[in-house]
Amino acid sequence: MIVLSSDNMRILKELDMVVFRNRLKEFAVKIGMGLVNQTKLITAASELSRNMLRYAGGGTVLIEIVNGPQRQNGVRVTFSDNGPGIPNIEQAMKDGFSTGKSLGLGLPGAKRLVSDFDIKSTVGKGTTITIIKWKNG
Ligand SMILES: Nc1ncnc2c1ncn2[C@@H]1O[C@H](COP(=O)(O)OP(=O)(O)O)[C@@H](O)[C@H]1O
Ligand SMILES: [Mg+2]
């Protein structure tokens, strides 16, 4: 994967999420992503950054414009936190599973909205989630 441009920021409070969403939109617009895919990407990213804030007390996001071997013009976003981690990823990825008494649709919903979804988590260490949304997909 070739990285064409990137930006990195911390998410420690609600306002950071607003700044992040605006920055993400700028990147999506820069590669000419259509409104529907922009909205899918931003909705997924909002859920994942909200989880980071809620369950891990914050973390960092890395936004990148990428070109792959098969597909060009993608936005990749990596969410990294040093929170408690997720003990059972399979369970956490199921619709309706929540330890926070909310809808439990954040992770599975985000996965459905993007082209690529990768989650790694270690209990006591933290969680890293990477998503990619291609311009045409
Ligand atoms: N960054 C994270 N760190 C630790 N646990 C997380 C994180 N993100 C999600 N989780 C866990 O996965 C569960 C499912 O997340 P999600 O699908 O967004 O549903 P909800 O946020 O409504 O609970 C959460 O309830 C929480 O237990
Ligand atoms: Mg959630």
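All residue numbers refer to positions in the sequence shown, counting from 1. Both counts, for ligands and for their atoms, begin at 1 and track the order of listing.
Rounded to the nearest 0.5 angstrom, Asn82 CG and Met52 CE are separated by 10.0 Å. Ile89 CD1 to Lys94 NZ: the interatomic distance, rounded to the nearest 0.5 Å, is 13.0 Å. Within the model, atoms CZ of Phe117 and OG1 of Thr130 stand 9.5 Å from one another, a figure rounded to the nearest 0.5 Å.
A side-chain donor-acceptor contact under 3.5 Å links Asp81 to the backbone of Thr127. Of the possible polar contacts, none joining the Asn67 side chain to the Gln72 backbone as a donor-acceptor pair under 3.5 Å is found.
Contact record, Arg71 with Trp134: O-CZ3, 3.2 Å, taken as the closest heavy-atom pair.
Around the Mg ion (ligand 2), protein N, O or S atoms at a distance under 2.8 Å total 1; waters are neither shown nor counted.
If you look at ligand 1, the protein residues with a non-hydrogen atom under 4.0 Å away are Asn51, Tyr55, Asp81, Gly85, Ile86, Ala92, Phe97, Ser98, Thr99, Gly100, Ser102, Leu103, Gly104, Leu105, Gly106, Leu107, Pro108, Thr127.
Atom CZ of Arg54 has more than 12 heavy atoms from other residues, nucleotides or ligands within 6.0 Å.
Side-chain atoms of Ser49 and Arg21 include no donor-acceptor pair closer than 3.5 Å.
Figure legend: cation-pi geometry between Lys30 and Phe27, with NZ or CZ positioned under 6.0 Å from the six-membered ring centre and within 45° of its axis.
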